[in-house]
**Student:** 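One structure coming up, written as structure tokens, with questions to follow.
The sequence lines fix the lettering, A, B, ..., with proteins before strands; numbering per chain opens at 1.
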Number of protein chains: 2
Amino acid sequence: MQKKRNITLKELAKALELSISTVSRALNNHPDISEPTKEKVQKLAEKHNYVPNLFASGFRSHRTHILGVIVPNISHYFTSTILKGILEKAENSGYRVIISESKNDEKKQSEMLQTMMQFGVDGILMALSRRTKSIDDILKIVNRIPLVMFDKVSGKIPCTQVVINEEEAAYNAIEHLINIGKRRIAIIKETEGSFNSEKRFEGYLRALREHDLPIDEKIILSTEDISLSKGRMMANVLLSLKKRPDAIFAITDSAAIGVIKALNKFKVNIPDEIAVVGFSNSVNSTIISPSLSTVDQPGHQIGRTAVKYLIEEIENPKEDLVTRTIEIKTNLIVRDSSFKV
Amino acid sequence: MQKKRNITLKELAKALELSISTVSRALNNHPDISEPTKEKVQKLAEKHNYVPNLFASGFRSHRTHILGVIVPNISHYFTSTILKGILEKAENSGYRVIISESKNDEKKQSEMLQTMMQFGVDGILMALSRRTKSIDDILKIVNRIPLVMFDKVSGKIPCTQVVINEEEAAYNAIEHLINIGKRRIAIIKETEGSFNSEKRFEGYLRALREHDLPIDEKIILSTEDISLSKGRMMANVLLSLKKRPDAIFAITDSAAIGVIKALNKFKVNIPDEIAVVGFSNSVNSTIISPSLSTVDQPGHQIGRTAVKYLIEEIENPKEDLVTRTIEIKTNLIVRDSSFKV
DNA sequence: CTGAAAGCGCTTACAG
DNA sequence: CTGAAAGCGCTTACAG
């Protein structure tokens, strides 16, 4: 099929017996152009459904108005709410967004960065893939175009980082458990110390310390990839202890849900015998029974904020690279799994 | 900060005392160029971290290698699995993907189409937003660049459409309920006849008819926006009937989960008293208790397939526009909510 | 095997 | 108020 090409400035100019420059200016509402000319041009442009070729103008002006986004997994619910925020803010600011999945694969992540550069994106937003060992490729990027990181970040990369108050959020969750009378609180975290897992663990430790509760290695469990089935397994481990915990804090909702499933199976009363708190406020937390207390992470706001800072850096380039951390506040949502013991 | 610009062909040419043409050819592995020259060029390019400016080359060749994707809601789980498939297949085929949300807003959808055109995407993938009244804007697009629709489609748009076997899937679900001994099967569908809702309803009707079961308007419920809370409400309505149904088929998982929640609340035994079947196989369907029987929609495959056809049309332009429907098979997943009565 | 030159569609400093 | 011309970075038909 002979796809109709978009009409160009040149063709409009010819039809109007004007120069390309004049047509271009008329369309951009340049003050130099007379009203009658503007009208004439704009009318014809409309009639022919003229759409400027952004590739040409972007190419000319060294600006593409495209932002690149790299996330580990697009179908992770929390990630998708961040993306929502990113899309919304970007579109409202006149930017378009190219999204890529790194699939938690470091090599893939580097490739993505590379192609994003090739496409001449104006800036990059990214969440680190799990187990990113080498940040060399990222450091190279940082020197070339603005980069803003979110969620999974690294303090070693000099750029703006938008994160939640991980440590404090965990602290509040543990304090809540203490307030409802719990004294022996287990934690399920990640083996490999990711930024997020470590911060949450720190919050856990601080809460226990500040409330003069003992820290017991036996109820500090770590797992490689934290998931529903791992949560279930860890719960079984905890149930088999001589001194069972009276609360379990899992650093992700899916693990917490696994915990609840295991407790339900063994008819352990939640929250009386063992309370459970998760992290994320994913949809599932209201589906499971009893409903899960969890930390609400405002993904939408994280996305919007990250875009805001990125565009700021694109439009006002700074002299030096600095690590700047923006913390987004979270809320603990108390549901049945930890409600008044 | 003085961001380092990418090095250009011109600069490479100058450094090597070669012409731009030669450098370009060497980099593209053109057979005309001698081995020593190629090596020399490629070595220097690598050293300077040369990345071709795809904007320039795309602009030159009228091809951007960017696909536009428009979906109603990115954080809908099923959608995100489709996007996963789209991203994967596109990237493997050398295309990048721009994603936009229409938010089920028709005006937004038209705007998105417009900007996608401006960005010179090579083709568009889209799922219709709910309640799209006018398809004029879409018909205009179809004449200009390849368009492939998926999931929420319209028979009125002449293009390739990738959908699941909606009617058959619903038929199979109902037949399964009949096979486990159910005779009075209710359905919860949408008021405004979306393509998907209508097809599923047709499957429901055909199954009842072919098994000589009566069709009773009282247990055919419709709701505006089908959601968990609406599912709950509809279940309450059904429970209040003199002649209760012995099974409920909800055309979405979220509604089905609402149904289960309501039944649990009234201590109705699932599936003995009332069996429940949903549609989508969302994560939630394994979290709810009892676990939900549901139709698995292979989102990943839908996404991959849609991209496959789109690229085919981009690379081999056809003379005429035809409506072509590709059906992806689904599987009924039987879980506790409808297991052996 | 290599180079000079045109051109993709647009913007903008310069000239009048 | 309008136009001619350069140039963004690349590819490619043409020439040698």
Side-chain angles (χ1 to χ4, degrees), chain A residues 3-42 44-45 48-66 115 117-122 144-145, chain B residues 3-42 44-45 48-66 115 117-122 144-145:
Chain A
K3 302 278 180 187
K4 267 180 276 172
R5 260 177 45 272
N6 283 341
I7 193 169
T8 65
L9 281 191
K10 199 176 172 182
E11 291 163 321
L12 281 178
K14 197 161 158 200
L16 288 159
E17 296 192 308
L18 283 169
S19 74
I20 299 178
S21 333
T22 304
V23 175
S24 168
R25 290 196 188 95
L27 255 18
N28 290 319
N29 224 335
H30 191 101
D32 267 5
I33 307 296
S34 73
E35 272 312 316
T37 311
K38 272 187 196 170
E39 261 176 44
K40 223 171 45 183
V41 173
Q42 286 168 359
L44 191 75
H48 286 283
N49 227 312
Y50 171 75
V51 282
N53 179 329
L54 293 189
F55 250 71
S57 57
F59 165 47
R60 177 78 226 280
S61 56
H62 280 285
R63 288 284 301 283
T64 59
H65 283 269
I66 294 183
T115 20
M117 290 298 292
Q118 287 190 21
F119 266 95
V121 296
D122 287 348
R144 291 168 163 249
I145 63 170
Chain B
K3 301 280 181 189
K4 268 181 275 173
R5 264 176 43 271
N6 282 343
I7 193 167
T8 65
L9 281 191
K10 199 175 171 186
E11 292 163 322
L12 281 178
K14 197 162 157 200
L16 288 158
E17 298 191 308
L18 281 168
S19 74
I20 299 179
S21 334
T22 305
V23 176
S24 168
R25 290 194 187 96
L27 256 17
N28 290 320
N29 224 336
H30 192 102
D32 268 5
I33 307 296
S34 73
E35 272 312 317
T37 310
K38 271 188 198 169
E39 262 176 45
K40 224 172 42 181
V41 174
Q42 286 168 358
L44 192 75
H48 286 282
N49 227 310
Y50 171 75
V51 282
N53 179 328
L54 293 187
F55 249 70
S57 58
F59 165 47
R60 177 79 225 280
S61 56
H62 281 286
R63 287 282 303 281
T64 60
H65 283 269
I66 294 183
T115 20
M117 289 300 290
Q118 289 190 19
F119 266 95
V121 296
D122 287 348
R144 290 168 163 247
I145 64 170

**Student:** Could you grab the distance from atom CD1 of A:I20 to atom CZ of A:R25, nearest 0.5 Å is fine?
**Tutor:** 11.5 Å
**Student:** Considering residues at least two apart in sequence or located in another chain, which fulfil the side chain to side chain contact (heavy atoms under 4.5 Å, CB included) criterion with B:N49?
**Tutor:** A:K140, A:R144
**Student:** Nearest whole angstrom, please: distance from the P of D:dA13 to the NE2 of B:H30.
**Tutor:** 9 Å
**Student:** What integer distance in Å separates A:K10:NZ from C:dA6:P?
**Tutor:** 13 Å
**Student:** What are the residues of residues 12-21 of chain B, sorted by number, that bring a heavy atom to within less than 4.0 Å of DNA chain D?
**Tutor:** B:I20, B:S21
**Student:** From A:T22 OG1 over to A:D32 CG, what is the distance, rounded to the nearest 0.5 angstrom?
**Tutor:** 10.0 Å
**Student:** Looking only at non-hydrogen atoms, find the nearest pair between A:D122 and A:T64 and report the distance.
**Tutor:** OD1-N, 3.0 Å
**Student:** Taking only residues two or more places apart in sequence or in another chain, which ones pass salt bridge (charged side-chain N to carboxylate O under 4.0 Å, His left out) with A:E17?
**Tutor:** none
**Student:** Could you grab the distance from atom NZ of A:K10 to atom CG of A:L12, nearest 0.5 Å is fine?
**Tutor:** 12.5 Å
**Student:** Rounded to whole Å, how long is the line connecting atom CG of B:L9 with atom P of D:dC8?
**Tutor:** 13 Å
**Student:** For residues B:L27 and B:L9, determine if any side-chain heavy atom of one lies less than 4.5 Å from a side-chain heavy atom of the other.
**Tutor:** yes
**Student:** Are B:T22 and C:dG3 close enough that a side-chain N or O sits under 4.0 Å from OP1 or OP2?
**Tutor:** yes
**Student:** So which heavy atom on A:T8 is nearest to which on A:E11, and how close?
**Tutor:** N-OE1, 2.8 Å
**Student:** Would you indicate, yes or no, if C:dG9 has its OP1 or OP2 atom less than 4.0 angstrom from a side-chain nitrogen or oxygen of A:Y50?
**Tutor:** no
**Student:** C:dC1 C1' sits how many Å from B:K40 NZ, rounded?
**Tutor:** 12 Å
**Student:** Grab the N/O contacts between the protein and nucleotides 14-16 of chain C below 3.5 Å, and write none if there aren't any.
**Tutor:**
none

**Student:** Under the side-chain contact (heavy atoms from CB on, under 4.5 Å) test against B:V23, which residue among B:I33, B:L18, B:L44 passes?
**Tutor:** B:L18
**Student:** Listed by chain and number, what are the side chain to side chain contact (heavy atoms under 4.5 Å, CB included) partners of B:K14, not counting sequence neighbours?
**Tutor:** none
**Student:** Treat a base pair as Watson-Crick or G-U wobble with both distances under 3.5 Å, then lay out DNA chain D in dot-bracket form, 5' to 3', with | for cross-strand pairs.
**Tutor:** |||.||||||||.|||
**Student:** Of the listed nucleotides (D:dC10, D:dG3, C:dC10), which one gets closest to any side-chain atom of B:A56?
**Tutor:** D:dC10
**Student:** Can you see which heavy atom on B:K38 is nearest to which on B:P31, and at what distance?
**Tutor:** NZ-CA, 4.4 Å
**Student:** Of the candidate nucleotides D:dG9, C:dT2, D:dT2, which contains the atom at the shortest distance from the side chain of B:S34?
**Tutor:** C:dT2
**Student:** Rounded to whole angstrom units, what separation is found between the CD1 atom of A:I33 and the C1' atom of C:dT12?
**Tutor:** 12 Å
